[in-house]
Amino acid sequence: MWIKLKKLCIFLLFILFVGCSNDTNSSIEQNIVPNEKRAQGYSLGLYNSNSTIEAERSFDIKDEIFEKNIIFTNKTNQDRVFILLVFDNGKQRNFKIHDNDMRYFRFTLAKNQSETIPVKIEGITDGFHATNFIILKNPDEVVTDSNTLAKADSLSQTYNIRVNLFKNLDKIPMERPQQVNSEKLKEARIDGIFVGKQGDAYKALLQTEDDNLRFNVLYGNLSEESIDFYIVSLVDWEQVNINSNQNIYDKLAKGENKKITVSIDNKKNGKVMILFMLTNPFSPLPDDNPYTASPNASFKVKLID
């Protein structure tokens, strides 16, 4: 049996944003986070237009636009492809890069190279917006061999910046979405989110030929704090309904595992499916502690025609 463990933690997220250099290149160099055994990895930072690191994660929006630079660096010895996605309160949203409207942004980075992504979100409505900027590597690569789950886990690792946006509102609302009707598991073996086959919940679903995408989703919390979260589903990097809803909301106590059976809207007959667990969407991000746990991603599932 296999346990899905996520390695990102708040400490590593803190490392991402240390430093206030006015020189973008030197700032990037300070913010490298190793995610492999070798002294290599990736860095991710939020920057102002004057190339200084943005230390804040809570913003009062006076108009309908939020605009920052995201700088991502590939400090490995391999060229790689990446994808950037944006979520707002558990819903994927469009954004602009150089005035080009997009649902997701693919980019290629050579080894030891950086990408500056000027992201603009328009049409921000009144209220509270928990906004995640998520980057994954090798979006087109899917593992279908159950003997290489370590590689599948690597491909599902997220690199995330979370911000809280307030427009004509000065605090996070108290009301919460309705929780999904989930089954509490006796064992706590999962940390994060895991897509399992219907006949064997702990056997990873890596590919399927079924037109009706129906499977088990297991999710767990092995941290010392309780969490709440949205679960969202994407087919070919565009959000699709899960159990006929745009997202699922649930909570986990520390050391708790749960299971639900879900169906996915796959009308577009896509090639790849992935689920995200967007953690702690209502957590404050004060200046003295502006970070929260990173989202978790499931293994990518290959959809066979």
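Quantities reported herein were computed from a predicted structural model and do not represent experimental measurements. Only heavy atoms go into these numbers, but all of them, side chains included; no hydrogens, no water, no symmetry mates.
Hydrophobic clustering, defined by side-chain heavy atoms of Ile, Leu, Val, Met, Phe, Trp and Tyr closer than 4.5 Å, groups I83 together with L85, F87, Y104, F128, I134, L136, F166, L169, I172, Y230, V232, L234, W237, Y249, I274, F276, L278, F282. M174 belongs to no hydrophobic cluster with other residues, because no ILVMFWY side-chain heavy atom falls under 4.5 Å from its own, directly or through intermediates. Hydrophobic clustering, defined by side-chain heavy atoms of Ile, Leu, Val, Met, Phe, Trp and Tyr closer than 4.5 Å, leaves L285 isolated from every other such residue.
If you check the side chains of K137 and S154, you find a donor sitting under 3.5 Å from an acceptor. Under 3.5 Å, the side chains of R80 and N74 contain no donor-acceptor pair of N or O atoms. Looking only at atom types and distance, the side chain of R214 has no donor-acceptor partner in the side chain of N216 under 3.5 Å away. Checked by atom type, the side-chain pair D265/N241 shows no donor-acceptor distance below 3.5 Å.
When the side chain to side chain contact (heavy atoms under 4.5 Å, CB included) test is applied to D88, the partners found at least two apart in sequence or on another chain are R93, H129, T131. For N132, the side chain to side chain donor-acceptor pair (under 3.5 Å) partners two or more places apart in sequence, or in a different chain, are N160.
Electrostatic pairing of E54 and K68 counts as a salt bridge here, judged by a charged N lying under 4.0 Å from a carboxylate O. In summary, E141 and K151 engage in a salt bridge, as defined by a charged side-chain N under 4.0 Å from a carboxylate O. With respect to the salt-bridge test (charged N to carboxylate O, under 4.0 angstrom), the residues D126 and K167 qualify.
For residues 170-186, the pairs satisfying salt bridge (Lys or Arg N to Asp or Glu O under 4.0 Å) are E183-K259, K184-E256, with sequence neighbours left out.
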- Would L275 and V195 count as a side-chain contact (heavy atoms from CB on, under 4.5 Å) if you check the C-alpha gap in whole Å, the side-chain angles of each, and the deciding distance to 0.1 Å? CA-CA 8 Å; L275 274 63; V195 175; 4.3 Å; yes

